[in-house]
Amino acid sequence: MLPSDLDRSRIPNHIACVMDGNGRWAEQRGLPRTDGHTAGEQALFEVLDGADELGVEWFTVYAFSTENWRRPVDEVQFLLRFNEEILLGRQKELHERNIRIRFIGRRDRRVPRRLVRRMDEAAVLTRGNTGLTFTIAFNYGGRAELVDAVQRIVDGGAKRITERTIARHLYDPEMPDPDLVIRTSGEYRISNFLLWELAYSELVFSDALWPDFRREHLYAAIKEFQDRDRRYGGVAGPDEPDG
Ligand code: IPE
Ligand code: IPE
Ligand code: MG
């Protein structure tokens, strides 16, 4: 149930999630870490549904970072395969729900060709959809994104660089900056997620491990967002005069 204190007219336009804590969730149960990733799928789609129902237009998740290659080879292999299976298993349903699937991240040679093909298929299948845009950050790093942007700007021979130049060369120039970034598992860090884009995002940290994250946690994060005063370097908004 939607909490009555949530203001339906001030739902964040773009919510981004650092889905963290899968490994610890599994370890607490004496299970292999990979079982935590499997359990995280339910949380992901429950939160996606919840966001969609509230009218959130952009929903982005951090699925695999440029640093996650440092994990044991078995876990990396599992994650590659798991992401492919999720795409295969869910794209039809998401398409029917008018959800547009997009990807941000580096497509280097470590990402298996087959997975790249699946990502392209899902993006092409759903590109004309007009509902929520579901962006999956895969082999994504905020620094890598900026390096790639700058490289393309240099290759294009630009002489004068503005903030707009950088923004236009990010992986998805159409993606608006996140209003709300949620990180689970009680870690208070960004871990190289959306470094450029989150300049003025509201950050909400949840102690829930990702596989335990449910709609109520999403609502609580949105509530916390609504209680913040976004000043963008200015002064307090009109409803909250200074003093
Ligand atoms: C997040 O959970 C999923 C990915 C990074 C792919 P973790 O696997 O990082 O879980 P913890 O942080 O080790 O508990
Ligand atoms: C961030 O989580 C990456 C993803 C959720 C995909 P990590 O678990 O990799 O981050 P650190 O290592 O705790 O900073
Ligand atoms: Mg982690």
Side-chain angles (χ1 to χ4, degrees), residues 14-48 51 58-90 101-108 110-112 115-116 118-119 122 134-148 170-172 175 178 180-198 201 203-214 217-218 221:
H14 182 184
I15 298 179
C17 280
V18 181
M19 310 183 287
D20 195 23
N22 296 351
R24 277 163 284 167
W25 183 93
E27 280 154 17
Q28 283 174 5
R29 286 162 179 75
L31 300 167
R33 289 178 52 84
T34 48
D35 283 12
H37 301 312
T38 307
E41 182 178 350
Q42 193 191 339
L44 168 58
F45 288 96
E46 182 164 331
V47 174
L48 174 65
W58 294 76
F59 180 70
T60 300
V61 294
Y62 205 3
F64 191 89
S65 77
T66 47
E67 287 72 41
N68 286 148
W69 298 105
R70 294 180 186 152
R71 295 187 176 204
V73 117
D74 287 358
E75 184 173 345
V76 169
Q77 286 305 323
F78 177 90
L79 286 167
L80 295 172
R81 185 82 209 123
F82 183 57
N83 276 279
E84 194 186 325
E85 277 164 13
I86 288 184
L87 281 181
L88 268 176
R90 300 277 186 163
I101 305 172
R102 289 189 173 181
F103 296 88
I104 52 175
R106 233 185 214 170
R107 295 193 160 192
D108 57 41
R110 294 176 295 185
V111 185
L115 176 55
V116 170
R118 296 271 176 256
M119 296 197 280
F134 174 37
T135 305
I136 302 170
F138 192 89
N139 193 22
Y140 176 88
R143 288 186 174 179
E145 177 173 40
L146 289 172
V147 168
D148 292 351
L170 298 176
Y171 292 132
D172 182 357
M175 184 176 85
L180 168 60
V181 176
I182 301 170
R183 182 175 186 141
T184 59
S185 87
E187 304 290 0
Y188 297 83
R189 56 177 172 263
I190 289 303
S191 301
N192 204 12
F193 191 41
L194 302 177
L195 295 183
W196 175 274
E197 297 87 335
L198 55 68
S201 305
L203 310 180
V204 170
F205 298 93
S206 167
D207 285 334
L209 300 175
W210 179 254
D212 292 326
F213 201 82
R214 290 291 174 272
H217 299 95
L218 172 71

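Along the sequence shown, the residues carry numbers beginning at 1. Everything numeric here is computed off the predicted structure, so don't read it as measured data. Side-chain atoms are counted along with the backbone in the values below, which use heavy atoms only and exclude waters and symmetry mates. Just follow the structure's listing: the first ligand is 1, and inside any ligand the first atom is 1.
Remark: among candidates V18, I190, N192, T184, the nearest residue to atom 1 (C) of ligand 2 is V18, based on non-hydrogen atoms. Among V61, N68, L79, N22, the residue whose heavy atom lies closest to atom 2 (O) of ligand 1 is N22. Remark: among candidates E187, R24, R33, E75, the nearest residue to atom 13 (O) of ligand 1 is R33, based on non-hydrogen atoms.
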Practice task
Go through the steps for D74 and T34 under the test side-chain contact (heavy atoms from CB on, under 4.5 Å), then give the verdict.
Solution key: CA-CA 9 Å; D74 287 358; T34 48; over 6 Å; no
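Using a cutoff of 4.0 Å between basic side-chain nitrogens and carboxylate oxygens, E84 and R81 are scored as salt-bridged. R106 and D108 are not joined by a salt bridge, as no carboxylate oxygen comes within less than 4.0 angstrom of a charged side-chain nitrogen.
When each atom of ligand 2 is checked for a heavy atom of F64 under 4.0 Å away, the hits are 6 (C).
Donor-acceptor pairing under 3.5 Å is recorded for the side chains of S65 and N68. A donor-acceptor contact closer than 3.5 angstrom links the side chains of W69 and N139.
With contacts defined as side-chain heavy-atom distances shorter than 4.5 Å, the pair M175/L194 qualifies. Side-chain contact between I15 and L218 is present, with heavy atoms from C-beta onward closer than 4.5 Å. For the pair F134/L44, a side-chain contact is recorded, criterion being any heavy-atom separation below 4.5 Å from C-beta on.
Here's the thing with R189: one of its N/O atoms is less than 3.5 angstrom from an N/O atom of ligand 2.
Atom 14 (O) of ligand 2 has its closest protein heavy atom at S191 OG, 2.6 Å. Closest protein heavy atom to atom 10 (O) of ligand 1: G23 N, 2.9 Å. Ranking the protein heavy atoms by distance from atom 6 (C) of ligand 1 puts A63 O, 3.5 Å first. The protein atom (non-hydrogen) at minimum distance from atom 5 (C) of ligand 1 is R71 NH2, 3.3 Å.
The residue A137 has no part lying near ligand 2, judged by heavy-atom distances below 4.0 Å. Proximity of R70 to ligand 2, defined as any heavy-atom pair under 4.0 Å, is not found for any part of the residue. Under 4.0 Å from ligand 2, not a single heavy atom of F193 appears.
Of the inter-residue distances, the one linking Q77 atom CD with L80 atom CG reads 5.5 Å to the nearest 0.5 angstrom.
With a cut-off of 2.8 Å, the Mg ion (ligand 3) has no N, O or S atom of E187 in range.
For D20, the N, O or S atom with the smallest separation from the Mg ion (ligand 3) is OD1.
Taking 4.0 Å as the cut-off, S185 does not count as a neighbour of ligand 1 on heavy-atom distance.
In summary, the aromatic rings of F138 and F103 are positioned with their centroids too far apart to meet the 6.0 Å limit.
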